Amino acid sequence: MKLLISVKRVVDYNVKVRVKADGTGVETNGVKMSMNPFDEIAVEEAVRLKEKGVASEVVAVSMGPPACSETLRTALAMGADRGILVETEVALQPLAVAKLLRALAEREQPGMIILGKQAIDDDMNATGQMLAALLGWPQATFASKLAIEGERAMVTREVDGGLETLELRLPAIVTTDLRLNEPRYASLPNIMKARKKPIETIAPAALGVDPAPRLEIVKVAEPPKRQGGRKVASVAELVEKLTQEAKVI
Amino acid sequence: MTVLVLLDHDNHAIKQPARSAVAAAAKLGEVHGLIVGHDAAEAAAAAARLPGLAKVLHADGEAYAHALAEPLADLLVSLAPGYTHLLAAATAMGKNVMPRVAALLDVQPISDICGVEDGETFIRPIYAGNALATVRSHDGKKVITVRAASFDPVALEGGNAPVESIPPRDASALSRFVSTELSKSERPELTAARVIISGGRGMQSGENFHLLDRIADQLNAAVGASRAAVDAGFVPNDYQVGQTGKIVAPDLYVAVGISGAIQHLAGMKDSKVIVAINKDEEAPIFQLADYGLVADLFKALPELADELEKPR
């Protein structure tokens, strides 16, 4: 079974983002970029399935400017077999990404597509579900456990109030939550080996998809600042403040 | 404009995030509620009592028993022609179903809105709430999930909407519910609690969470945790408050032994009053807290419980 995974290049999760003064977005110039952490979990899960002999090939896809090939190299260094870069300068939104992935899925015929549950930049949490809809495949979002049993996948999902297990008919879409696995660090020899693995570059038009955004970004602003920082000296003072001043208990 | 809101329920009552989604929908136009489930007539009756609904649609069938995305999305798409906006709370259910609906309608969904400007313009957090984006949708229909903490829920009672039964549609055989492991608790749910007390890595073990339990009982509070505490295995994942866990905005949030990682702050910074108890006075959580207490939590928590016992 072939696995397709998607990896997004995003501002590194340790970076404190700054809103641009002109309100058009968030500063990304000169900022450290990394693979979206939920996508790392997707890569790790796919590579483990290959190591177990469940999967035969892991194909990683990234979309965006040429620098996304670095993100693909990271996936290849973690153990993916080859990469596909859908190259575009358009700021892609989930609907366009889902359509591009559908086109690739129709070409590659994977048995499963694993995606991060959301990207930590736009926080949309949508692409996996949308791709499942477009392909007419079942979906299991927010996965914390995944097992393949023949033509079925058993997926445990993180839901409000606990966990839920679903059985999906393959091919299927799985999106990853934090506790699915702990992604490995690529070793130096594997990073070297990844340089020789193939990356195919393709344009959205070649996949028959119009990548134009549907949501117009009117403006991006800082959230309101919270006034905090007051200290109390004792538990008794804390309770007094909460009852007398804040009146919340 | 007519708005359809997919309502989270437990077959009996309407969940609080769904009532917040109704409040958001009311800013857009006439609101219809949708109850999908199996043997959920009681929930449909509860929905009819929510103020602000002009009508409740109720689809009942075995295929809907576990809110699987495939049959729910199929149903919503079949109802979509009558509506300009389709909404749900950004709960596990809403987040799972609504993007699937949007793709089937060829629409870019608008996730996790925290503000409504007009019928096509919405505010939503990006970068874990470190920035707010105002976005305008040029799609014919808007498919939206609502950040419940940003909208005061409508009341439980006061409405009297007619309930209209709609037939279930053919079930898809794409996925099958196997089992569920829900955490049992006598306490309010995190997303509905007026008071939340959360523990972090500073709690040192799962057993030590009983120190929070006693105070939670006194304040009728929900107990939460930081991602660090969940990852350390102290408590189950559904305790997690934060960008990737639950987004909450109670009247009072007490953070105990939590340093204040960005991802945790993103999940609770809209709380009305924040208290931090931490022995590290440099912890970032103190910059956000209305009342900070620099103290060893193993001393402060029993003391707090004793103080709360006193008649006030």
Side-chain angles (χ1 to χ4, degrees), chain A residues 11 16-17 19 26 93-95 98 120-126 129-134 137-142 144 154 158-169 178-179 214-223 226 228-232 235-236 238-239 241-243 246 248-249, chain B residues 69-70 73 91-92 95-96 99-100 102-104 108-112 121 125-139 173-183 219 237-238 244 251-252 269 272-275 286-294 300 303-304 307-308 312:
Chain A
V11 172
K16 175 100 177 78
V17 297
V19 173
V26 161
Q93 293 178 349
L95 180 61
I120 61 165
D121 50 4
D122 67 10
D123 285 330
M124 276 286 193
N125 193 334
Q129 299 89 313
M130 298 182 85
L131 178 58
L134 295 178
W137 292 4
Q139 70 185 54
T141 49
F142 326 141
S144 63
M154 300 290 277
E158 301 198 357
V159 296
D160 297 338
L163 298 170
E164 171 187 272
T165 302
L166 301 181
E167 183 188 87
L168 309 184
R169 200 179 69 191
L178 289 173
R179 278 162 282 273
R214 298 285 190 87
L215 282 185
E216 174 196 344
I217 312 295
V218 179
K219 67 168 183 189
V220 174
E222 297 259 356
R226 214 190 150 86
R230 280 175 65 190
K231 296 265 170 60
V232 292
V235 167
L238 174 63
V239 172
K241 294 283 190 208
L242 291 178
T243 51
V248 284
I249 57 172
Chain B
E70 298 84 4
T91 54
K95 290 190 284 195
N96 190 37
R100 190 169 179 113
L104 294 171
Q108 167 61 47
I110 311 164
S111 306
D112 210 21
T121 316
I126 55 174
Y127 290 92
N130 288 303
L132 295 177
T134 304
V135 296
R136 185 174 295 135
S137 167
H138 296 290
D139 286 317
L174 293 173
S175 68
R176 187 177 71 82
F177 171 83
V178 177
S179 64
T180 183
E181 285 171 56
L182 295 185
S183 321
L219 297 175
N237 68 281
D238 54 298
T244 56
D251 290 347
L252 173 61
K269 67 184 166 57
K272 289 203 179 70
V273 175
I274 296 174
V275 169
F286 284 125
Q287 289 164 25
L288 203 77
D290 300 284
Y291 305 106
L293 176 64
V294 181
E303 224 182 291
L304 178 57
E307 194 70 31
L308 291 170
R312 275 174 275 127

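Within every chain, numbering begins at 1; the chains are lettered A, B, ... in the order of the sequence lines, protein sequences first and strands thereafter. All of these numbers come straight from a predicted model, not from anything done at the bench.
- Between the CD atom in A:Q129 and the CZ atom in B:R100 there is a gap of 9.5 Å [rounded to 0.5 Å].
- When atom types are taken as modelled, the side chain of A:Q139 and the backbone of B:N96 share a donor-acceptor pair closer than 3.5 angstrom.
- Side-chain contact between A:P94 and B:Q108 is present, with heavy atoms from C-beta onward closer than 4.5 Å.
- Using a 4.5 Å cut-off between heavy atoms, B:E70 touches chain A through its side chain atoms alone.
- Looking at A:R230, the atoms closer than 4.5 Å to chain B (heavy atoms on both sides) sit in the backbone and in the side chain alike.
- Heavy-atom pairs under 4.5 Å with chain B were tallied for A:V159, A:L178, A:V17, A:L168; the largest tally goes to A:L178.
- Using a 4.5 Å heavy-atom cutoff, the side chains of B:L252 and A:L242 are in contact.
- Both the backbone and the side chain of A:V232 come within contact range of chain B, judged by heavy atoms closer than 4.5 Å.
- Judged by distance alone, with hydrogens and angles left aside, the side-chain atoms of A:R226 form a donor-acceptor pair with the main-chain N or O of B:L288 at under 3.5 Å.
- Residues B:I126 and A:V220 are in side-chain contact: their nearest non-hydrogen atoms beyond the backbone lie under 4.5 Å apart.
- Between the OH atom in B:Y127 and the CG atom in A:D122 there is a gap of 8.0 Å [rounded to 0.5 Å].
- Counting heavy-atom pairs closer than 4.5 Å to chain B, the top-ranked of the candidates A:D121, A:V11, A:L134 is A:D121.
- Once rounded to the nearest 0.5 Å, the distance linking CG of A:L215 with CZ of B:R136 reads 11.0 Å.
- Chain B forms the most heavy-atom pairs under 4.5 Å with one residue out of A:P223, A:A132, A:A98, and that residue is A:P223.
- Between chain B and the residues A:R214, A:E222, A:E158, the most heavy-atom pairs under 4.5 angstrom are made by A:R214.
- Between A:K241 and B:D290, none of the side-chain N atoms (NZ, or NE/NH1/NH2) sits under 4.0 Å from a carboxylate O, so this pair counts as no salt bridge.
- Looking at A:V26, the atoms closer than 4.5 Å to chain B (heavy atoms on both sides) all sit in the side chain, from C-beta outward.
- Among all heavy-atom pairs drawn from B:A103 and A:A133, the shortest one is CB-CB, 3.7 Å.
- Between B:L174 and A:W137 the shortest side-chain heavy-atom distance does not fall below 4.5 Å.
- In this structure, B:E181 places its CD atom where only 12 or fewer heavy-atom neighbours from other residues, nucleotides or ligands lie under 6.0 Å away.
- Looking at B:N130 and A:V19, their side chains never come closer than 4.5 Å, going by heavy atoms from C-beta outward.
- Stacking of A:K231 on the aromatic ring of B:Y291 is not recorded, the 6.0 Å distance cut-off and the 45° axial limit not both being met.
- Residue with the most contacts toward chain A among B:T134, B:T121, B:L304, B:T180: B:T134 (heavy-atom pairs, distance under 4.5 Å).
- For the set B:A300, B:S111, B:A173, B:G292, the count of heavy-atom pairs under 4.5 angstrom toward chain A peaks at B:G292.
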**OP:** Could you please spell out the steps behind the side chain to side chain contact (heavy atoms under 4.5 Å, CB included) verdict for B:V135 and A:V218?
**Re:** CA-CA 5 Å; B:V135 296; A:V218 179; 5.9 Å; no
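- When all heavy atoms of B:P109 and A:M130 are compared, the pair lying nearest together is CD-CE, 3.3 Å.
- Both the backbone and the side chain of A:A236 come within less than 4.5 Å of a heavy atom in chain B.
- Surrounding CD of A:E167 are more than 12 heavy atoms belonging to other residues, nucleotides or ligands, all under 6.0 Å away.
- Contact check for B:K95 versus A:T141: no side-chain heavy atoms found under the 4.5 Å cut-off.
- The part of A:I120 that comes within reach of chain B is its backbone (N, CA, C, O), which places non-hydrogen atoms under 4.5 angstrom from that chain.
- For the pair A:M124/B:D112, no side-chain contact is recorded, criterion being any heavy-atom separation below 4.5 Å from C-beta on.
- Neither the backbone nor the side chain of B:A73 comes within less than 4.5 Å of any heavy atom of chain A.
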Subject >> Pair A:L238-B:V275, side chain to side chain contact (heavy atoms under 4.5 Å, CB included): steps then yes or no >> reply: CA-CA 9 Å; A:L238 174 63; B:V275 169; 3.8 Å; yes
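- Side-chain contact between A:I249 and B:L308: present, with at least one pair of heavy atoms (C-beta onward) separated by less than 4.5 Å.
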